[in-house]
Engineer: 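Quick one: the structure is below, questions incoming.
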Amino acid sequence: MLEEIDAKIAAALAEDGRCSYTDLAERVGLSVSAVHQRVRRLEQRGVIRGYAARIDGEQIGLSLTAFVSLTPIDAAAPDDYPKLLAHLQQIEACHSVAGVESYILKVRVTSPAALEALLGEIRATANVSTRTTVVLSTPFEDRPPVIHPS
C-alpha cells in the first residue's frame with residue numbers, strides 16, 4: 001500500500017506518464033525535488049514499472065485483436081507456456097488464470113490469416129489446444145488503476 005502523497009503521484013503518472021515534475025509537485029503540494037525523490041523511490045520499489053507510449057494497433061496495421069485461451073493437451077506437462085511462447089511478438093499479454101484454461105493471451109495481428117498462422121504456431125510450440133475470441137471493438141482500454149493510499 002502507498003501513503004497518500006505517493007498514491008497521488010502514482011495516480012497522476014498512471015493518467016499521464018509524461019507529466020513533468022513541476023506539474024506533479026503542484027498537484028501534490030510538494031517541492032519539485034521532493035517529488036523527484038518520491039518518484040525515484042516508487043520506481044526503485046517497483047510501484048512504477050516503466051513509461052511507455054500507447055500505440056494504436058489499427059494505425060500500424062495490427063487491426064485484429066483476439067484473446068486466446070490455452071488448455072494443456074497433456075495435464076502432466078510442465079507449466080512453461082510463458083517461456084515457450086515469449087518469442088512470439090504478436091502476443092501482447094499472457095495471463096495465468098483459474099478455470100479450465102491455464103492461460104489467456106491477448107494477441108494483435110494484421111489479418112485473420114495471420115491469426116490462423118499464429119494459432120498454429122502456438123499449438124505446435126506449446127502442445128496446447130486453443131479457444132479464440134476475436135475482438136470486434138474496444139470501447140476503452142489501458143485505463144489507469146484506482147490508487148488508494150494505505
Side-chain angles (χ1 to χ4, degrees), residues 1-72 77-112 114-115 118-119 121-123 125-126 128-150:
M1 296 296 284
L2 298 175
E3 62 178 64
E4 186 175 352
I5 297 292
D6 287 345
K8 286 181 181 180
I9 290 170
L13 288 172
E15 200 171 297
D16 177 8
R18 295 179 60 161
C19 187
S20 71
Y21 289 119
T22 302
D23 290 341
L24 278 174
E26 288 176 14
R27 288 187 192 187
V28 301
L30 293 176
S31 69
V32 173
S33 63
V35 166
H36 189 268
Q37 289 176 341
R38 284 178 177 263
V39 168
R40 192 170 347 135
R41 277 195 303 249
L42 289 168
E43 290 169 345
Q44 290 169 345
R45 288 177 42 202
V47 173
I48 297 172
R49 296 187 315 198
Y51 305 87
R54 294 181 186 149
I55 306 298
D56 182 334
E58 293 243 356
Q59 300 276 342
I60 61 168
L62 300 175
S63 57
L64 196 154
T65 301
F67 293 95
V68 180
S69 300
L70 308 182
T71 303
D79 184 1
D80 58 355
Y81 307 121
K83 180 178 154 191
L84 292 172
L85 300 172
H87 70 284
L88 297 173
Q89 295 299 306
Q90 302 95 321
I91 300 174
E92 186 174 290
C94 176
H95 304 278
S96 176
V97 296
V100 175
E101 289 94 2
S102 297
Y103 290 88
I104 296 177
L105 311 175
K106 179 180 178 184
V107 304
R108 290 190 196 260
V109 293
T110 57
S111 66
L115 177 59
L118 177 61
L119 292 173
E121 191 168 358
I122 289 169
R123 289 182 196 120
T125 302
V128 293
S129 65
T130 60
R131 184 175 56 85
T132 304
T133 303
V134 173
V135 174
L136 298 177
S137 69
T138 304
F140 56 85
E141 183 176 47
D142 296 326
R143 295 169 81 176
V146 176
I147 301 172
H148 300 285
S150 54

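A quick note: this is a predicted structure, and the numbers were derived from the prediction, not measured.
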Engineer: So Leu42 and Leu13, do their side chains get closer than 4.5 Å, heavy atoms only?
Structural biologist: no
Engineer: Where do Tyr103 and Val97 come nearest, in terms of heavy atoms and distance?
Structural biologist: N-CG2, 4.0 Å
Engineer: How close do Thr132 and Ala66 get, counting heavy atoms only, and between which atoms?
Structural biologist: CG2-CB, 3.9 Å
Engineer: Which residues pass the side chain to side chain contact (heavy atoms under 4.5 Å, CB included) test with Thr110, not counting sequence neighbours?
Structural biologist: Leu62, Ala114
Engineer: Answer yes or no: is there a side-chain heavy-atom contact under 4.5 Å between Val134 and Thr65?
Structural biologist: no
Engineer: Start with the C-alpha distance between His36 and Ser31, add both sets of side-chain angles, then the distance that settles side-chain contact (heavy atoms from CB on, under 4.5 Å), and finish with yes or no.
Structural biologist: CA-CA 9 Å; His36 189 268; Ser31 69; over 6 Å; no
Engineer: Apply side-chain contact (heavy atoms from CB on, under 4.5 Å) to residues Thr71 and Val128 and explain how you reach the verdict.
Structural biologist: CA-CA 5 Å; Thr71 303; Val128 293; 6.0 Å; no
Engineer: For a 4.5 angstrom cut-off between non-hydrogen side-chain atoms, does Tyr81 reach Pro72?
Structural biologist: yes
Engineer: Show the nearest heavy-atom pair for residues Leu85 and Ala126, with the distance to one decimal.
Structural biologist: CD2-CB, 4.2 Å
Engineer: Which one of Val68, Leu64, Leu88 satisfies the side chain to side chain contact (heavy atoms under 4.5 Å, CB included) criterion with Leu118?
Structural biologist: Leu88
Engineer: Looking at Glu92, I'd like to know if its CD atom is crowded, meaning that more than 12 non-hydrogen atoms belonging to other residues, nucleotides or ligands lie closer than 6.0 Å.
Structural biologist: yes
Engineer: Using side-chain heavy atoms (C-beta onward) and a distance below 4.5 Å, is Leu2 in contact with Pro149?
Structural biologist: no
Engineer: Do Leu119 and Arg123 touch side chain to side chain, with heavy atoms closer than 4.5 Å?
Structural biologist: yes
Engineer: With the side chain counted from C-beta on, respond yes when Tyr21 and Val39 share a heavy-atom pair under 4.5 Å apart, and no when they do not.
Structural biologist: yes
Engineer: Using the test ring-ring contact (aromatic ring centres under 6.0 Å, His included), find all partners of His95 that sit at least two apart in sequence or belong to another chain.
Structural biologist: none
Engineer: Should Leu115 and Pro112 count as side-chain neighbours, where that means a heavy-atom distance under 4.5 Å?
Structural biologist: no
Engineer: Hey, are the side chains of Glu101 and Arg131 touching, using non-hydrogen atoms and a 4.5 Å cut-off?
Structural biologist: yes
Engineer: Decide, yes or no, whether a salt bridge links Arg38 with Glu3 under the criterion of side-chain N to carboxylate O below 4.0 Å.
Structural biologist: yes
Engineer: Of the non-hydrogen atoms in Ala12 and Leu24, which two are nearest, and what is the gap between them?
Structural biologist: CB-CD2, 3.5 Å
Engineer: Which heavy-atom pair separates Cys94 from Pro82 by the least distance, and what is that distance?
Structural biologist: SG-CG, 4.1 Å
Engineer: Do the side-chain N and O atoms of Tyr51 and Glu43 include a donor-acceptor pair separated by under 3.5 angstrom?
Structural biologist: yes
Engineer: Can you give me the closest heavy-atom contact between Glu121 and Thr125, atom names plus distance?
Structural biologist: O-OG1, 2.7 Å
